[in-house]
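To start, the structure itself, in structure tokens.
When a ligand or atom number is given, it counts from 1 through the structure's own listing order.
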Amino acid sequence: MRILGIESSCDETAAAVVDDGHLVRSSVVASQMSTHGKYGGVVPELASREHLRAIVPVVREALEQSGSKLEDLAAIGATVGPGLVGSLLVGLTYAKSLCFARGIPLIGVNHIEGHIHSVILEARRSGTALDFPALALVVSGGHTHLFRMDEELHYSLLGKTRDDAAGEAFDKVAKLLGFGYPGGPVIDLLAPFGNPEAVRFTLAKMKGNTLDFSFSGLKTAVLRWVEQRDMQSEIAARQIMLRNRSAGAGPPTAAEWLALTPQRTLDLLASFQNAVIQELLKRAMAAAEDADARALIISGGVACNSGLRAAPRSARLPFPVYFPSPALSTDNAAMIAAAAFPKFARREFAGFDIKAQANLTLA
Ligand code: KG4
Ligand code: ZN
């Protein structure tokens with residue numbers, strides 16, 4: 001059962017060919033990082049333009065790498081939402097036109113459900129049966145959602161962020177300190193050089209649903225900390241280093257950053273990352289206890305974070321915690337094809353009138 005997945009909800013144009021929901025024959029991701037990096041975040045108009053440029057070659061490459069032709073496909077799964085509407089439209093419209101022209105069934109996939117399926121894909125591949133009820137924590141640049149899953153494709157929302165997403169907090173703090181975009185990878189890289197206990201941040205107290213998350217207070221606390229110190233020249237030095245970097249040079253190495261970053265800033269980064277991890281795990285653990293969970297899935301771009309990956313290992317939890325491998329944690333289309341697979345079995349096909357939905361919810 002060969003499915004082509006297409007993903008274009010934010011700033012990655014991706015296509016992948018996946019057999020039986022777990023054998024990844026190809027997974028191509030065209031990142032727009034270099035386009036958006038200098039603006040410190042994703043610029044929606046530029047994102048749509050880049051998707052338009054990339055979609056045809058990316059899909060062609062995914063088919064070629066997997067040795068497939070369109071007639072080999074059982075279905076095409078495409079992200080319908082949530083995301084930037086102009087970006088979603090590019091991938092979804094291209095998927096629709098391929099399906100229409102070749103008589104291939106179309107399957108609409110929720111991007112968040114895709115992130116959860118990056119873990120399910122790898123579990124299927126290794127022959128691991130996920131036990132239910134499971135909790136799924138999806139943490140990315142756009143989302144921080146905690147779901148309970150009683151079976152595959154059955155989700156109930158337990159909590160979500162009331163303000164910034166976890167990845168957005170990483171991105172905003174990195175931008176404020178002159179570390180560029182995206183912020184998660186650079187903070188992850190530098191946090192081990194700082195003391196995570198150096199700056200004490202208080203975790204958000206939630207009125208109402210205590211399984212909701214909040215990161216804006218933490219972001220403001222970092223801003224206050226920076227304002228109370230004379231940091232302008234070190235921030236400017238990092239911004240200049242980024243600006244003068246040639247286009248193909250790739251992100252700066254730890255040594256390059258360390259040369260421009262004093263210890264107190266490294267301590268701040270480590271403490272900030274630690275506070276985000278504590279905020280995420282505190283709510284996930286409380287939910288796991290309430291639900292008598294038998295597994296915890298953590299996925300989305302922030303699931304790449306080494307501190308977050310290490311934390312459950314040292315906590316000796318009574319259930320397994322699953323992270324996707326890093327390449328499947330950030331946006332990709334293999335997870336979209338994997339989420340389309342069980343929908344194919346249920347014959348949940350989309351009509352050609354299906355619309356891109358910026359605010360699509362999962363539960
Ligand atoms: O899942 P993703 O690629 O796109 C969205 O659906 O948003 O996630 C991107 C987010 C960005 O905010 C980025 O800073 C964050 O994931 N991220 C990380 C790491 N790698 C990416 N955050 C923390 N640590 C990382 N290693
Ligand atoms: Zn994502």
Side-chain angles (χ1 to χ4, degrees), residues 5-14 16 27 29-33 36-37 39-42 44 47 51 79-84 87-88 91 109-119 136-145 160-161 164-177 179-192 196 215 218-219 251 254 257 269-270 272-281 297-311 323-336 338-339 358-360 362:
I6 297 183
E7 154 64 35
S8 69
S9 65
C10 188
D11 60 344
E12 256 102 27
T13 320
S27 179
V29 181
S31 167
Q32 304 177 2
M33 212 103 92
H36 303 291
Y39 301 102
V42 179
H51 284 304
T79 306
V80 174
L84 300 168
S87 292
L88 288 163
V109 176
N110 182 307
H111 180 80
I112 299 177
E113 188 166 32
H115 275 301
I116 295 172
H117 275 77
S118 58
V119 169
L137 175 64
V138 181
V139 271
S140 71
H143 325 283
T144 301
H145 286 74
K160 65 179 172 30
T161 183
D164 294 339
E168 197 179 353
F170 274 97
D171 295 336
K172 287 180 174 170
V173 163
K175 184 179 179 189
L176 168 75
L177 290 163
F179 287 103
Y181 171 86
V186 54
I187 294 179
D188 190 0
L189 182 71
L190 297 180
F215 296 98
L218 179 58
K219 180 190 67 189
W257 284 125
L269 294 180
F272 163 77
Q273 175 172 296
N274 185 39
V276 174
I277 294 169
Q278 296 314 320
E279 169 72 4
L280 291 174
L281 291 184
I297 290 172
I298 305 184
S299 63
V302 179
C304 285
N305 187 269
S306 359
L308 180 59
R309 282 173 178 260
F323 288 91
S325 56
L328 288 183
S329 295
T330 47
D331 287 350
N332 66 88
M335 68 185 196
I336 302 300
N359 298 315
L360 184 66
L362 184 56

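Listed by atom number, the atoms of ligand 1 under 4.0 Å from G142 heavy atoms are 7 (O). Each of the atoms 23 (C), 24 (N), 25 (C), 26 (N) of ligand 1 lies under 4.0 Å from some heavy atom of N305. Near G141, meaning under 4.0 Å from any of its heavy atoms, are these atoms of ligand 1: 5 (C), 7 (O), 8 (O), 9 (C), 10 (C), 12 (O). Taking every heavy atom of G167 and a limit of under 4.0 angstrom, the matching atoms of ligand 1 come to 12 (O). The atoms of ligand 1 that sit less than 4.0 Å from any heavy atom of T330 are 3 (O). Listed by atom number, the atoms of ligand 1 under 4.0 Å from H115 heavy atoms are 1 (O), 6 (O). Here is the list of ligand 1 atoms found below 4.0 Å of a heavy atom in D171: 11 (C), 12 (O), 13 (C), 14 (O). Taking every heavy atom of P182 and a limit of under 4.0 angstrom, the matching atoms of ligand 1 come to 14 (O).
To the nearest 0.5 Å, the span separating NE2 on H51 from CD on Q32 amounts to 4.5 Å. With rounding to the nearest 0.5 angstrom, the NE2 atom of H145 is 8.0 Å from the CG atom of L362.
Using bins of under 30°, 30° to 60° and over 60° for the plane-to-plane angle, the ring pair H143/H111 lands in the tilted bin.
Around the Zn ion (ligand 2), protein atoms of type N, O or S found under 2.8 Å number 3.
K172 meets the side-chain hydrogen bond (donor to acceptor under 3.5 Å, both in side chains) test with D164, E168; sequence neighbours excluded.
Between the choices G307, P82, G301, the shortest heavy-atom distance to atom 20 (N) of ligand 1 belongs to G301.
Of the protein's non-hydrogen atoms, the one nearest atom 3 (O) of ligand 1 is D331 N, 3.0 Å.
Annotation: K160, atom NZ; neighbour count of heavy atoms from other residues, nucleotides and ligands within 6.0 Å does not exceed 12.
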